[in-house]
Amino acid sequence: MQELGFSYLEELNDIQRQAVTSIDGPVMVIAGPGSGKTRVLTYRIAHIINKGVPPWEILALTFTNKAAREMKERIEKVVGSGAQRVWAGTFHSLFAKILRREAHRIGYPNDFTIYDTDDSKSVINDIIKSLNLDKKVYNNGAVRARISAAKSNLITPKAYVNNEELMAYDRMNRRPLIYQIYEKYAAKCLRAGAMDFDDLLLQMFRLLYQNPDGVREKYQRQFKYILVDEFQDTNHLQYSTIKLLVDYPESPQNICIVGDDAQSIYSFRGATIENILMFQTDYPQVNTFKLEQNYRSTQFIVDAANEVITNNKRQIQKKIWTDKDEGDKIKLIKAVTETEEGKRVSDSIVENKNRYNLRNSEIAILYRTNSQSRVFEEHLRRYNIPYRIYGGLSFYQRKEIKDLVAYMRLTVNDKDDEALKRIINYPRRSIGKTTVEKISSIADDNEMSMWEVLTKIDFGPRAKKSIIEFVKTVQSFKNKAQTLNAYELATFISRKSGIAELLKADTSPEGEARVENVNALLDGIKEFVDNDELVDGDDITDKSMSSFLQTISLMTDADQDSTDTDVVTLMSVHAAKGLEYRSVYVVGLEENLFPSYMSLASPDQIDEERRLFYVAITRAEEYLTLSFAASRYQYGQTRYNDPSRFLDEIGEGNLDSLISIQKSKPDFPQPKVLGNFKKLGSRKTPALGIDPSSFSASPAHSIKPGMTVIHLKFGQGKVNSIDERMVASIYFDGLSENQEKRIMLKYAKLQIVE
DNA sequence: GGGGGCTATGGGGGG
DNA sequence: CATAGCCCCC
């Protein structure tokens, strides 16, 4: 350990310092936004190291790879290069790393594949098909969500079928067989040597719980100090796994959790604030510290945040305060359409840059959904303001990348059926849908992988030739994998698979971009191979292809280094958690968007949207601007939304007084339906002579039983009833007697007549 | 049996 | 508006 040129402890306030130096026993830190949470975490780790603990005995679980990287850099400044060997990373990435060493003990190959969401859905699709279920009722996304929730709550397929609550819920949604799909899905993944994202947590739990060869004790002994960041966003499964690592006879229970119940925004992923309460029960001797001083934002912003969050019912009592100046009041931009919103926000960015001398990198635009980025992009480009969009399609989600990666996956793990299906006929080699389905069903019937079927079963003369050719190609990759490093292998694959050639043949700009992307992937692999830094407590670095594949499957867009530094940041509010900017624009503040229409039915979900809004506004250091558009092109048509309820909650005193919010609904100027009209007309002719150009849908929540409404296709009708899931039953005049239509209001295009 | 074009349908946040 | 599945032609 190197001697310090300064004392890091002097940079902390009293409570922060206590949180840093109380390293023995369970500790809970409740940290408001901007309260120096990261500083506490990093200095705490540095402090532990300075007390003589080897870095690799410290496990720091963060929410993003980025947070982990930042943390390591900051620890390094205090303790030197040993910081790199702290086990710091996301739950998913660190558990994957451990499973790469231990998975064979629980029936998986150490080279297991990680299935992304698309892979999971595809597996589920196949199962739904094989069970002859209606894929509209058994929507694969919904089924996947149920399975994911079950795993996050440590519910096995067997426990699922015996859980009356889950089964009743599925019956209610007319999907009583989800438990069967779950069971088959789990079996299929295991057979494919594949884990989905939830499995990285679940199989880690199983590993510790079943404890083959004393593996649990091994990790209990190794991780003497455990820290968990963003604890409010952990789910039951994560909590249980941490507990297995911490709780054992004679354990010092050196566990420190850091979080803020007010910033819990991932319940859709199974996160539960209950974990904070549970922690207090499970560790009654816990030392709790509350960080309430905000060092980030000016007074008006902090006040607004406090005002907003008081609208939520359940919360841990705390009052965030700042000793900064009151600063500028919060500004509000009202726009008529989303295009105008894009323009006016961009105008404001230009103006603020000049007035306050802001750099691009000090500005962020935050939105609820990634699809909102487009209008801001367009206007920023027009003004020559460089920007970078985080989220949305990550580099590794691009088709050309996934194709090449699929070859690599299959090379490493030939049981990976999803990878095989992706590339068996890409580039074209005359193995069509029918043949693939045949291979797949033989594989299912014999509990084999598709690769095994290809290599062991004789096919008809027509398919045979192509299949032999394909098997030969992949086999050559597998052979090369013995001698080549990951980079050489990837280059070999891109050439011999025919992908490189195929892409080069396309000389359109998009085609050229695809070639560049593939080259970028190869460069990335080279960098991965050449970089020999030791991280996360490793003694040797693993440069295999399978190690690379695992790294990238856990990488999100936000984790990629950006070469351009002085750019405006565009991202979702979720992605902005933990970040801060001098100037922040929170856009699209409308009912049905923020809060999301998906959340309107449930008060709990509205509260979560509110916490999300709280996270959004507390990203701002000095200048906070909110915006909304009165109309927005959504779901294929122009919708009119009221300003978000959250705008009413920030406190009038905190808002720039020159501007006041007015509700837009009553006789709002009729928008011009431009290109839209022709398109609608050229589609199937609307029934019953309704002119689409004069049609304007009313917001879903304004429709009530008894009303007369117009539907573009069905014409005029009367709303009979609306149930709790916002499904309306409507009698349309044009349809035969007593024929009732059931329509989901959230998708419906209905205009109120009276 | 494979490949291409067309239609219908669904659309949140992320590791 | 994008994608998946379906139908039709080769």
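Numbers restart at 1 for each chain; the letters A, B, ... are given by sequence-line order, proteins then strands. All of these numbers come straight from a predicted model, not from anything done at the bench.
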- Query: Which is true for A:Ser599 with a 4.0 Å heavy-atom rule: it touches a base, it touches only sugar-phosphate, or it touches nothing?
  - Reply: nothing

- Query: Should we say atom CZ of A:Arg374 is surrounded by more than 12 heavy atoms from elsewhere, each under 6.0 Å from it?
  - Reply: no

- Task: Pick base, sugar-phosphate or nothing for A:Arg611, based on heavy-atom distances below 4.0 Å to the nucleic acid.
- Result: nothing

- Task: Quick one: label A:Asp198 by what it contacts on the DNA or RNA (base, sugar-phosphate, nothing), any heavy atom closer than 4.0 Å.
- Result: base

- Just how far, in rounded Å, is P of B:dG13 from CG of A:Leu366? 14 Å

- Message: Less than 4.0 angstrom between a side-chain N/O of A:Thr369 and OP1 or OP2 of B:dG11, yes or no?
- Response: no

- Establish, with yes or no, whether the OP1 or OP2 oxygen of B:dG3 is under 4.0 angstrom from a side-chain nitrogen or oxygen of A:Arg429. no

- Message: Nearest whole Å is fine: how far is C:dA4 P from A:Ile128 CD1?
- Response: 15 Å

- Any idea which heavy atoms bring A:Leu99 and A:Met195 closest together, and the distance? CD1-SD, 3.9 Å

- Between A:Lys438 (NZ) and B:dG1 (P), how many Å, whole number? 6 Å

- With DNA chain B as reference, determine whether A:Phe268 or A:Lys136 sits nearer its 5' end, using the nearest nucleotide of each. A:Lys136

- Task: Evaluate whether the aromatic ring of A:Tyr266 and the six-membered ring of the B:dG14 base sit under 5.5 Å apart, centre to centre, with an inclination under 30°.
- Result: no

- Atom CG of A:Asn125 and atom C1' of C:dA4 are separated, to the nearest Å, by 9 Å

- Message: What contact category does A:Asp196 fall into here, base, sugar-phosphate, or nothing, at under 4.0 angstrom with non-hydrogen atoms?
- Response: nothing

- For this output row, return yes or no: ring centroids of A:Phe91 and A:Phe95 closer than 6.0 angstrom. yes

- Item | Quiz item: A:Arg269 side-chain donor-acceptor pair to B:dG13 base, under 3.5 Å | no

- Task: Round to the nearest Å and state the distance from A:Phe63 atom CZ to B:dG13 atom C1'.
- Result: 10 Å

- Message: Does this structure show an ion pair linking A:Lys402 with A:Asp116, if we count only N-O contacts that are shorter than 4.0 Å?
- Response: yes

- Nearest of B:dG11, B:dG2, C:dC1 to any side-chain atom of A:Asn139? B:dG11

- Message: Using a heavy-atom cut-off of 4.0 Å across all strands, would you classify A:Arg368 as base, sugar-phosphate, or nothing?
- Response: base

- Query: Whole-Å distance between B:dG13 P and A:Tyr367 OH?
  - Reply: 10 Å

- Query: Nearest nucleotide by nearest heavy atom, which residue falls closer to the 5' end of DNA chain C, A:Arg374 or A:Lys135?
  - Reply: A:Arg374

- Message: Less than 4.0 angstrom between a side-chain N/O of A:Asn370 and OP1 or OP2 of B:dG13, yes or no?
- Response: yes

- Starting at atom CZ of A:Phe459, determine the distance to atom C1' of B:dG2, rounded to an integer number of angstrom. 16 Å

- Task: Indicate yes or no: does A:Glu590 engage A:Arg639 in a salt bridge with an N to O separation below 4.0 Å.
- Result: no

- Message: Need the pair for B:dG10. Rule: Watson-Crick or G-U wobble, both distances under 3.5 Å, any strand; none if unpaired.
- Response: C:dC1

- Query: More 5' along DNA chain B: A:Ser553 or A:Val436, using each one's nearest nucleotide?
  - Reply: A:Val436

- Message: Taking the cut-offs as 6.0 angstrom to the six-membered ring centre and 45 degrees off its axis, would you call A:Arg610 and A:Tyr614 a cation-pi pair?
- Response: no

- For atom NZ of A:Lys421 and atom P of C:dG5, their distance in whole Å: 11 Å

- Query: Any idea which of B:dG1, B:dG12, B:dG13 is nearest the A:Ser596 side chain?
  - Reply: B:dG12

- Query: Under 4.0 Å: is that the gap between some side-chain N or O of A:Thr434 and OP1 or OP2 of B:dG2?
  - Reply: yes

- Of the listed nucleotides B:dG13, B:dG14, B:dG11, the one nearest the side chain of A:Ala575: B:dG14

- Query: Quick one: the side chain of A:Glu609 and the base of B:dG12, do they pair up donor-acceptor inside 3.5 Å?
  - Reply: yes

